[in-house]
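Since we're looking at a predicted model, the values are computed, not measured.
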Amino acid sequence: QVQLVESGGGLVQAGDSLRLSCAASGRTFSTYTMGWFRQAPGKEREFVAAINWSGGLTSYADFVKGRFIISRDNGKSTVSLQMNSLSPEDTAVYFCAAKKRATITTRGNEYDYWGQGTQVTVSS
């Protein structure tokens, strides 16, 4: 069992940056593929970014490429999402997710564990 706790959300202005963190419990964190998803009001959850167990392979949604960076620290059992050049369209609840299998995927239903989410609000 893995428990995930997100932090770092908040209210920022357009153009600002924000760094989200996700702390994981359990001794097998380094074996998990980790992902970030988001859900805006009235919209379906969507994939944002993912990183493989070593941090050597990443994947991003097209709408965040060049703006967001996902990284992980296996020694601290954390995964982070650095978000730059934020726009009001990035307003959403951001979720951290863990996947036991090694392959990176953008499909949320393939992730095994989820955090409670952290709210990110970007004002114009």
**Message:** Taking salt bridge (Lys or Arg N to Asp or Glu O under 4.0 Å) as the definition, give me every residue that meets it alongside Arg38, ordered by chain and number, with sequence neighbours left out.
**Reply:** Glu46, Asp90

**Prompt:** Can you pull the salt bridge (charged side-chain N to carboxylate O under 4.0 Å, His left out) pairs that have at least one residue in residues 115-124, sequence neighbours excluded?
**Reply:** none

**Request:** Enter the distance from Ser80:OG to Trp36:CH2 here, rounded to the nearest 0.5 Å.
**Result:** 7.0 Å

**Request:** For Gln119, look at atom CD and say whether over 12 heavy atoms of other residues, nucleotides or ligands are found less than 6.0 Å away.
**Result:** yes

**Prompt:** With the 4.5 Å side-chain cut-off for hydrophobic clustering, are Val120 and Phe63 part of the same group?
**Reply:** yes

Please set out all donor-acceptor pairs under 3.5 angstrom arising from side-chain atoms of residues 10-22, sequence neighbours excluded.
{"residue": "Asp16", "atom": "OD2", "partner": "Gln13", "partner atom": "N", "Å": "3.1"}
{"residue": "Ser17", "atom": "OG", "partner": "Asn84", "partner atom": "OD1", "Å": "2.9"}
{"residue": "Arg19", "atom": "NH1", "partner": "Gln82", "partner atom": "OE1", "Å": "3.3"}

**Prompt:** What's in the same ILVMFWY side-chain cluster as Trp53, cut-off under 4.5 Å, chained through other members?
**Reply:** none

**Asked** Mind checking whether Lys100 and Tyr113 have side chains closer than 4.5 Å, heavy atoms only?
**Response** yes

**Which atom of Val2 lies closest to which atom of Ala24, heavy atoms considered** = CG1-CB, 4.3 Å

**Request:** Working to the nearest 0.5 Å, report the span between CZ of Arg67 and CE of Met83.
**Result:** 9.0 Å

**Message:** With side-chain contact (heavy atoms from CB on, under 4.5 Å) as the criterion, how do Ile51 and Val79 come out once you've worked through the C-alpha distance, each side chain's angles and the decisive distance to 0.1 Å?
**Reply:** CA-CA 9 Å; Ile51 189 167; Val79 60; 4.1 Å; yes

**Asked** Can you get from Phe47 to Leu4 by hopping between Ile, Leu, Val, Met, Phe, Trp and Tyr side chains that sit under 4.5 Å apart?
**Response** no

**Message:** Rounded to the nearest 0.5 Å, what separates atom CZ in Arg72 from atom OG in Ser77?
**Reply:** 9.0 Å

**Asked** Do side-chain atoms of Ser71 reach the backbone of Gly55 as a donor and acceptor pair under 3.5 angstrom?
**Response** no

**Message:** Using a 3.5 Å distance criterion without hydrogens, assess whether the side chain of Thr91 forms a donor-acceptor pair with backbone atoms of Val122.
**Reply:** yes

**Prompt:** CD1 of Ile104 to CG of Asn52: how many Å apart, nearest 0.5 Å?
**Reply:** 5.0 Å

**Item:** Between CG on residue Asn74 and CE on residue Met34, distance to nearest 0.5 Å
**Value:** 9.5 Å

**Request:** Would you check if Phe29 and Lys76 make a side-chain contact, meaning some heavy-atom pair closer than 4.5 Å?
**Result:** no

**Message:** According to disulfide bond (SG atoms under 2.5 Å apart), does anything in residues 34-75 pair up with another residue at least two apart or in another chain? List the pairs.
**Reply:** none

**Asked** Would Glu110 and Lys99 count as a side-chain contact (heavy atoms from CB on, under 4.5 Å) if you check the C-alpha gap in whole Å, the side-chain angles of each, and the deciding distance to 0.1 Å?
**Response** CA-CA 7 Å; Glu110 295 191 20; Lys99 178 175 175 289; 3.9 Å; yes

**Asked** So, do Arg45 and Trp114 sit near enough that their side-chain heavy atoms are less than 4.5 Å apart?
**Response** yes

**Message:** I'd like to check the ring-ring contact (aromatic ring centres under 6.0 Å, His included) partners of Tyr111; sequence neighbours left out, ordered by chain and number.
**Reply:** Phe37

**Request:** Mind listing the closest non-hydrogen atom pair of Gln39 and Lys43 along with its distance?
**Result:** NE2-O, 3.1 Å

**Closest non-hydrogen atom pair between Leu81 and Val48, with its separation** = CD2-CG1, 4.1 Å

**Request:** Provide the closest heavy-atom pair for Thr105 versus Ala50 in the form atom of the first, atom of the second, distance.
**Result:** O-CB, 4.4 Å

**Fill in**
The reported gap from CZ in Phe68 to CG in Leu86 (rounded to nearest 0.5 angstrom) is 5.0 Å

